[in-house]
Amino acid sequence: MIPLSVLLHRDQDVLAEAAAARLVTRIVDAQAARGSASVVLTGGGVGTAVLSALYASGARDAIDWGRVDVWWGDERFLPTGDPERNETGARAALLDHVPVDPARVHPMPAPDGPDGDDPDAAAERYAAELRAEARPEDGEQVPAFDVLMLGVGPDAHVASLFPGTPALRDERPVVAVRDAPKPPPTRISLTFPSLQAAEEVWVLAAGESKAEAVRLGLTEPTPDRAPVAGARGRRGTLFLLDSAAAARLPHGAGGLSAP
């Protein structure tokens, strides 16, 4: 059985610092094992806080930033530099301040990019970029990401996979999402086959508004009602929570621990 762990932290600040420290270790271990590391970033309050905590930590210098591939799990289909884009937040919090190789940072296309205002073409462009970086041992569609981080919405969505939408059953690696129930309505998202290709999936959640979604993510048998229930990695899944987000969990869910 693939391990699933639930790790509790006192509040969002402690959660962000702990996740950042864990991410440093995972990246350094991957680089030691095969020379490079591949991570998938998420936006939102917690996802951005983790990147800020990583930049604030002296441990960031343990990473060879020139050998890190950076991807995104989803993106709002807004112009480059728009403050609502996940890429914009990640660059401001971390990527603009560390010596990453620009060629290894892979933002999802924007409507001012080569495909213009065509999210389907933009999604296919990103899928092609993922395929080009996949190694033979990874499979044909996407790289085997070392760590894929996901936030979770109060409605239990992850990436831009919302409850009851066609994208939940799409087998393509990347899809355009229209009419998303959360603005903006047009987005690009990895699908479950891509999310589940990651070695480790980390679900990050803080605040009482996420408590029911977290509960569903650990108890719901299918992702149709709660997409977070489909957020699982090849070798392991971590739910990294603050105490408020864990408030509705049944006792002992997921091998609960409190570092």
Side-chain angles (χ1 to χ4, degrees), residues 20 23 27 30 36-52 54-55 60 63-134 138 141-151 157-161 167 172-178 180 182-191 193-195 197-198 201-202 204:
L23 185 58
I27 291 173
S36 64
S38 179
V39 298
V40 180
L41 303 184
T42 185
V46 182
T48 304
V50 171
L51 301 184
S52 295
L54 176 51
Y55 176 60
R60 72 177 186 272
I63 296 172
D64 183 344
W65 289 102
R67 296 189 293 130
V68 179
D69 285 289
V70 179
W71 304 88
W72 275 265
D74 76 320
E75 187 57 274
R76 298 167 175 89
F77 197 56
L78 297 169
T80 303
D82 190 287
E84 293 299 311
R85 279 180 63 89
N86 293 333
E87 176 199 356
T88 306
R91 289 189 182 278
L94 176 67
L95 299 179
D96 285 348
H97 312 294
V98 293
V100 291
D101 179 352
R104 301 185 78 157
V105 177
H106 309 274
M108 289 185 165
D112 56 337
D115 301 300
D117 196 20
D118 184 345
D120 293 296
E124 177 50 39
R125 180 176 296 276
Y126 205 64
E129 192 170 355
L130 286 162
R131 283 193 295 270
E133 294 296 324
D138 296 336
Q141 296 296 308
V142 300
F145 313 113
D146 294 295
V147 175
L148 185 147
M149 295 186 289
L150 293 168
H157 82 268
V158 288
S160 284
L161 305 177
R172 292 173 294 175
V174 188
V175 294
V177 175
R178 294 179 172 83
K182 179 182 179 181
T186 306
R187 297 154 174 258
I188 300 171
S189 183
L190 300 188
T191 57
S194 296
L195 301 182
V201 168
W202 298 3
L204 310 169

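By convention here, the first residue in the shown sequence is residue 1.
- Taking the six-membered ring for Trp and thresholds of 30 and 60 degrees, Trp71 and Tyr126 have ring planes more than 60 degrees apart, a perpendicular arrangement.
- For the pair Val68/Val98, no side-chain contact is recorded, criterion being any heavy-atom separation below 4.5 Å from C-beta on.
- Asp115 CG to Arg125 CZ: the interatomic distance, rounded to the nearest 0.5 Å, is 4.0 Å.
- Shortest non-hydrogen contact noted between Leu161 and His157 is O-CB, 3.1 Å.
- Of the possible polar contacts, none joining the Asp146 side chain to the Val39 backbone as a donor-acceptor pair under 3.5 Å is found.
- In this structure, CD1 on Ile188 lies 5.0 Å from CZ on Phe77, to the nearest 0.5 angstrom.
- Contact annotation: the side chain of Gln141 never approaches that of Val174 to less than 4.5 Å [non-hydrogen atoms, C-beta and beyond].
- For residues 92-105, the set of pairs meeting the side chain to side chain donor-acceptor pair (under 3.5 Å) definition, not counting sequence neighbours, comprises Asp69-Arg104.
- With rounding to the nearest 0.5 Å, the separation of CD1 in Ile27 from CG in Leu54 is 6.5 Å.
- When every heavy atom of Ala90 is checked against every heavy atom of Trp72, the shortest pair comes out as CB-CZ2, 3.7 Å.
- Closest non-hydrogen pair, Ser194 versus Pro173, comes out as OG-O, 2.8 Å.
- Side-chain contact between Arg178 and Asp120: present, with at least one pair of heavy atoms (C-beta onward) separated by less than 4.5 Å.
- For the residue pair Pro143 and Ala134, the shortest heavy atom distance occurs at N-CB, 3.9 Å.
- Taking CH2 of Trp202 as the start and CG of Leu150 as the end, the distance is 12.0 Å to the nearest 0.5 Å.
- The line from OG1 of Thr42 to CG of Asp74 is 6.0 Å long, rounded to the nearest 0.5 Å.
- Side-chain contact check for Glu133 versus Ser38: every heavy-atom pair is 4.5 Å or farther apart.
- Nearest heavy atom pair, residue Leu204 against residue Gly47, reads CD1-CA, 4.3 Å.
- The side-chain heavy atoms of Val142 and Leu190, taken from C-beta on, include no pair separated by under 4.5 Å.
- Taking CD of Glu87 as the start and CG of Asp82 as the end, the distance is 10.5 Å to the nearest 0.5 Å.
- Using a distance-only test at 3.5 Å, with no hydrogens or angles considered, no donor-acceptor pair links the side chain of Asp112 to the main chain of Pro79.
- Remark: side-chain polar atoms of Arg85 are paired, donor with acceptor, to backbone N or O of Leu78 under 3.5 angstrom.
- For the side-chain contact (heavy atoms from CB on, under 4.5 Å) test with Arg187, the passing option among Pro184, Ser189, Pro183, Pro185 is Pro184; the others fail.
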